[in-house]
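Because the structure is a prediction, the values reported are computed rather than measured.
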Amino acid sequence: MLDNFSRIVSDTKAGTHFAHGMSVGLGMLGRQLWVWPLLAAAMMVVAGLTIRGYVESAAQQAMADGLEAMLKSNVEALRIWLETEESQVLAAATDPAVRTAASELQRLASSSPENALVLAQSSAQEDLRAALRPLLARKHFVGYVIMNTERVIIGSDRPELVGQQRTTNYDLITRTVERGTTVTPPIPSMLLTKDSDGQMRAGQPTMFALATQRDVTGDVVGVLGLRIRPEEDFVRILQVAQPGKTGETYAFDRSGLMLSESRFTKDLARAGLIPDQGVARAQLTLAIRDPGVNLMAGKRAALTRSEQPLTRMAASATKGESGRDVKGYRDYRGVPVVGAWTWLEDYELGVVTEVDVAEAYGSLYILRRAFWTLFALLAASSLLILLFTLAVAKMERSAQKSALLARELGQYQLETKLGEGGMGVVYRGRHRMLRRPTAIKLLHPDKTTDGTIARFEREVQLTCQLNHPNTIAIYDYGRTPEGLFFYAMEYLDGVNLDGLISRFGSLPEGRVIHFLRQICGSLAEAHGIGLVHRDIKPANIMVGRRGGESDVVKVLDFGLVKAVDSKKESSITSAGSIIGTPLYMSPESIENPERVDNRSDLYSVAAVGYYLLTGTPPFDGANVLEICMHHSRTKPERPSERLKRPISSDLEDALLRGLAKNPHDRFQSARDFAEALAACVAMTKWTPHQADEWWSRFSTGALAAIDKAPTASVNEAATVYLPQE
């Protein structure tokens, strides 16, 4: 049981603090206008980042599609050209005249393998030249060569080559025999050839269209190769489509060596990536390696070119992979680029299309700058609104304090401060025109939040529904031009029951019955419209003179009232909260606060009656937990035993029935309780005449000295959540 109550108290504290924090937080949102622009800015940032993410994702997808489409177009054009070259060399290799001449040259090479002069001067050599001359004249081929299976050149347009055995970085024989026809990637020429300036140079790029050479029996006896200038078609095809100012398509081999030309040859020469001798050329010179820094920005690489790794693209492509990267990687210049690539296994080369990131996403960068500029403007606006709101709030607080100092509250003139609680303060005042004494309760200016205003309004609205003469009456509610929330209620010139007992001790039985019946009358009306007070206690019950009668009771503080119908339940009070004052709480309000009903109020009325009769509450303890345990478990001591003197059995039984642990064992309505009290013998022992004598004996001033807060509505500090008690 102890653990259970500990959990209840602990949970209630946490819930109360959380609810209070939420109330304060929501109140701040409601009052501070500057919060909304900040929230709007935050929402804009989130929305902007989300939209930017979508836009960038869409842009990246579009870029990927565009790169791949351009790459595919270039590769298809290149394939068509390569296949055309293959078909032409195959036609030449199968030409009867070429086959006859090649067979004769093969026979001569076999019979005299060391006599290159015989091969070079043979009539078969002239026959071969005559057979290929029309093809060389009609097409772009610039020479030819025939090699036998031993890689010996047995025929060529260059006589000096005949009889030589040649090996290159490209195995002409093996790959051609495997495929029947092929086209080599650009390779360095073994002879002096003319460059683009017409100068004879060694190692100039050259290509061969190759086809197997067969004898009459169909056996492979060699390979026919037709020489091609790479710059005339191969390079030109890849340079046709160059997107924007930085886009390019180029080819490279398995080692990462560039096979075509770069559009940045001048920049590469200035950066020292290619030799600047005569005509700068990247073809067969430039390695597709990542320098690690942007060389075009004047930075220097930490590693030598041979130590640098292949670019991300080249590393993937040389493994035989096709791919794309639209997020960005460094190219051979160290410039961030996006690209799409593929590897042509049949021709032992890779092809890539790349564009600088700065150009590819230029429009996105503009969008980003516009977004952050707009956000900065919104943040500046929020700051200005913040400063304006703080200035207005300061002026409003100043006006509120000035109004209080001037004792002015709209149409009410404030006179005396009667009391102060955690949420509000109560003044005695007068209506300017009616001149009627009034108790005016207003919210603390510094504690005006949406939550406190809502609870303040709720207390007024619920109390206004009640018209019983023993329920305090509400006259007015409103907000002053300075922003002060208030409500005006009838002024009670009396004392609350807590102060009465503290000063005079326990009361006579008849007077106790007189007070309890009036309390039951007030509650009967509230219960009749489905409201439960939930905080009946001596401090919330005023007694005084009213309408020429003495000992008139007024039930106050309906701020914690609960609608029995859950549809009427206000969200102001958190569900599951333990609410009330521990000394007068029913067991069910402690154990299951959500299930309290009118019988819980009747338990509190009986506890108040016990206090009035004996001068002590039914249960006491060293702390809240101990008191709650007593309410839930301990049978109350009979008032006669507590006082050590006889008490009327019918009154004693009525109070003990009201204090029953099980709600079903109590009175089921306030009217039943009142009728049981009316049937008590002691009821007649307190008369209106006695009440008048009592009030005549004690002046109003003396009573005011008893209670620091003469109107029970100011005793707000005593009406708290259980953990704060």
Side-chain angles (χ1 to χ4, degrees), residues 407 409 411-421 424-442 459-460 463-464 466-477 486-505 507-508 511-512 514-519 521-522 536-559 608 612 686-719:
R407 301 287 180 166
L409 193 70
Q411 57 189 341
Y412 293 95
Q413 178 69 45
L414 304 182
E415 296 178 348
T416 306
K417 183 176 180 180
L418 300 176
E420 186 171 359
V425 60
V426 178
Y427 286 87
R428 183 183 188 277
R430 291 182 183 274
H431 192 280
R432 289 185 178 278
M433 300 184 69
L434 297 177
R435 308 306 297 170
R436 176 176 58 187
T438 307
I440 302 168
K441 182 174 183 178
L442 55 89
E459 180 177 350
V460 175
T463 307
C464 282
L466 306 174
N467 300 306
H468 195 276
N470 295 120
T471 302
I472 191 163
I474 302 296
Y475 295 152
D476 194 8
Y477 171 71
F486 73 94
Y487 70 81
M489 54 191 156
E490 60 179 316
Y491 176 74
L492 304 176
D493 191 4
V495 63
N496 66 43
L497 295 183
D498 201 17
L500 185 67
I501 300 303
S502 298
R503 174 65 176 84
F504 299 102
L507 304 180
R511 197 177 189 190
V512 170
H514 182 65
F515 288 163
L516 295 184
R517 290 187 63 210
Q518 293 182 75
I519 297 171
S522 172
I536 293 295
K537 60 184 178 182
N540 275 345
I541 300 167
M542 288 289 291
V543 61
R545 283 179 165 175
R546 198 72 174 166
E549 295 186 10
S550 301
D551 269 359
V552 177
V553 164
K554 290 285 184 175
V555 178
L556 314 169
D557 206 344
F558 281 77
V608 170
L612 298 178
W686 184 258
T687 65
H689 179 70
Q690 289 175 297
D692 288 339
E693 286 185 351
W694 190 93
W695 284 96
S696 297
R697 191 180 311 126
F698 299 100
S699 67
T700 301
L703 289 175
I706 297 172
D707 189 359
K708 300 298 182 182
T711 60
S713 57
V714 306
N715 200 19
E716 178 187 14
T719 305

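- Of the inter-residue distances, the one linking Ile440 atom CD1 with Leu414 atom CG reads 5.0 Å to the nearest 0.5 angstrom.
- In terms of heavy atoms, Arg545 sits closest to Ser550 at NE-OG, 3.3 Å.
- At least one side-chain heavy atom of Met489 sits under 4.5 Å from a side-chain heavy atom of Lys441.
- Remark: Asn496 CG to Lys537 NZ distance equals 9.5 Å, nearest 0.5 Å.
- For the residue pair His514 and Gln518, the shortest heavy atom distance occurs at NE2-NE2, 3.1 Å.
- For the 3.5 Å distance criterion, the side chains of Asp551 and Trp686 qualify, holding a donor opposite an acceptor.
- Under the side-chain contact (heavy atoms from CB on, under 4.5 Å) criterion, Leu507 pairs with Leu500, Ile501, Arg511, Val512, Phe515, Leu612, not counting sequence neighbours.
- Residues forming a side-chain contact (heavy atoms from CB on, under 4.5 Å) with Pro437 (at least two apart in sequence, or on another chain): Arg428, Arg430, Tyr491.
- A distance of 11.5 Å separates OH of Tyr475 from NE2 of His431, quoted to the nearest 0.5 Å.
- You'll find the side chain of Val495 stays beyond 4.5 Å of the side chain of Arg503, heavy atoms only.
- Ile536 contributes atom CD1, which lies 7.0 Å from atom CD1 of Ile519 (distance to the nearest 0.5 angstrom).
- Between His468 and Asn470, some side-chain heavy-atom pair lies under the 4.5 Å cut-off.
- By the side chain to side chain donor-acceptor pair (under 3.5 Å) test, Thr438 is found to be paired with no residue, residues two or more places apart in sequence or in another chain being considered.
- Going from atom CG of Leu442 over to atom OH of Tyr487 covers 10.5 Å, rounded to the nearest 0.5 Å.
- Lys554 and Thr471 make their closest contact through NZ-O, 3.7 Å (heavy atoms, listed as atom of the first residue, atom of the second, distance).
- Across all their heavy atoms, Val425 and Lys417 have their closest contact at CG2-CE, 3.4 Å.
- Side chains of Asn540 and Val555 form no contact here, defined as non-hydrogen atoms less than 4.5 Å apart.
- Under the ring-ring contact (aromatic ring centres under 6.0 Å, His included) criterion, Phe486 pairs with Tyr412, not counting sequence neighbours.
- For Glu549, the side-chain contact (heavy atoms from CB on, under 4.5 Å) partners at least two apart in sequence or on another chain are Val552.
- By the side chain to side chain donor-acceptor pair (under 3.5 Å) test, Arg546 pairs with Glu490, sequence neighbours left out.
- For the pair Asp498 and Ser502, the tightest heavy-atom approach, listed with the atom from each and the gap, is O-OG, 2.8 Å.
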